[in-house]
Number of protein chains: 2
Amino acid sequence: MVHADSQDPRAAGHQTETHGWDAELVPDERGRTARPEPDCPVEVALAAISGRWTTLVLRELMHGERTFSELRAALPTLSAKILTERLHELTARGLAHREQVNAFPPRVGYRLTAAGLALRPLLICLYETGAALSRSRAGTPAPPR
Amino acid sequence: MVHADSQDPRAAGHQTETHGWDAELVPDERGRTARPEPDCPVEVALAAISGRWTTLVLRELMHGERTFSELRAALPTLSAKILTERLHELTARGLAHREQVNAFPPRVGYRLTAAGLALRPLLICLYETGAALSRSRAGTPAPPR
DNA sequence: CAGTATCCCTGTTGATACTG
DNA sequence: CAGTATCAACAGGGATACTG
């Protein structure tokens, strides 16, 4: 899907020496920011997956609806505080939806909304890119700081 | 490109109700982590673009080689300290390369390596995903915290 | 079960000033 | 030009304990 494993920089294709904007990388005005503006699409996407554990919670929810304790079981070392925080963020951003189940014992289910499912290609792209980086330098020099 | 506008979650397609792993989302063992492991491909990719300003510095370098002051001019509100820090991180990770130019005045140029150019599809994916999110909820509820 | 409430600690950022 | 040094301020994360 993604051409990330070419060895020759030039063969990778897209680098230009012009000082103009690259239409594929920066298709419109919102991408030409001189600062990290919250409404830049890149910042919007980063905000959606920001925070430790968020991508893992998203991965779990990509598989279908999950209850609070199913999520805790899948991610045992994630504290209740942070899980709650992440689920609140996701619901506040309209990426997930909370559903009360009136049963005994009472349960709460979380499922992704259509907008949340839109993050799926991004997670796949992150995985592919990370795998390509690991391949291109099997021994990473060092984790900075 | 991204199917984010379907109203029915079921119709959006990929969500399965199985508790097994999704081969497209989690192709191999490294993606089945129960914690944010540094060697999970997703974490590797996130680490590569982590830090405020990093995606903007990458955007500039995607256009070709840039000197320290060209970068400062393109991103005027980015302090020298942080720019230096970002450039060090990128070079330490093998994503960028530093080149001394013996001239007068002496200059230093930075350009992306092949590994750095491999981040291009990710930046594009971030942009597209963010744009799709902005479209699907024109008025984002609220920036959490 | 599904959360809240505190406290503390650490990393990251940014402003400012200085240097080879 | 291309950085480094220092410091102050803050936000995020985790441990622990408690609740409707």
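Throughout, a chain's letter reflects where its sequence line sits, starting with A, and its residues are numbered from 1.
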For DNA chain C, produce a single dot-bracket line, 5' to 3'. Pairs: Watson-Crick or G-U wobble, both distances under 3.5 Å. Symbols: ( ) within strand, [ ] crossing, | other strand, . unpaired.
-> ||||||||||||||||||||

Would you tabulate the pairs of protein nitrogen or oxygen atoms and nucleotide nitrogen or oxygen atoms of nucleotides 14-16 of chain D closer than 3.5 angstrom?
from, atom 1, to, atom 2, distance (Å)
D/dG14, OP1, A/Arg52, NE, 2.7
D/dG14, OP1, A/Arg52, NH2, 3.0
D/dG14, OP2, A/Trp53, NE1, 3.3
D/dG14, N7, A/Lys81, NZ, 3.2
D/dG14, O6, A/Lys81, NZ, 2.2

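- Between the side chain of B/Tyr127 and the backbone N or O of A/Gly31, at least one donor-acceptor pair lies under 3.5 Å.
- Candidate nucleotides C/dC1, D/dA2, D/dT4 were compared by shortest atom distance to the side chain of A/Pro105, and C/dC1 ranks first.
- Considering only side-chain N and O atoms, A/His88 lies under 4.0 angstrom from the phosphate OP1 or OP2 of C/dT4.
- Considering only the side chain of B/Arg107, D/dC1 comes nearest among D/dG13, D/dC1, C/dG3.
- In this structure, CZ on A/Arg111 lies 9.0 Å from CG on A/Leu117, to the nearest 0.5 angstrom.
- Atoms CZ (B/Arg66) and C1' (D/dA2) sit 17 Å apart, rounded to a whole Å.
- Side-chain nitrogen and oxygen atoms of B/Ser69 include at least one within less than 4.0 Å of the OP1 or OP2 phosphate oxygen of D/dA2.
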Full working for side-chain contact (heavy atoms from CB on, under 4.5 Å) between B/Leu71 and B/Leu87 | CA-CA 10 Å; B/Leu71 291 170; B/Leu87 291 170; 4.0 Å; yes

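- No side-chain heavy atom of B/Thr129 sits under 4.5 Å from any side-chain heavy atom of A/Ile49.
- Side-chain N/O atoms of A/Arg35 include none lying less than 4.0 angstrom from OP1 or OP2 on C/dT13.
- Rounding to the nearest 0.5 Å gives a distance of 7.5 Å between CZ of B/Arg52 and CD of A/Glu43.
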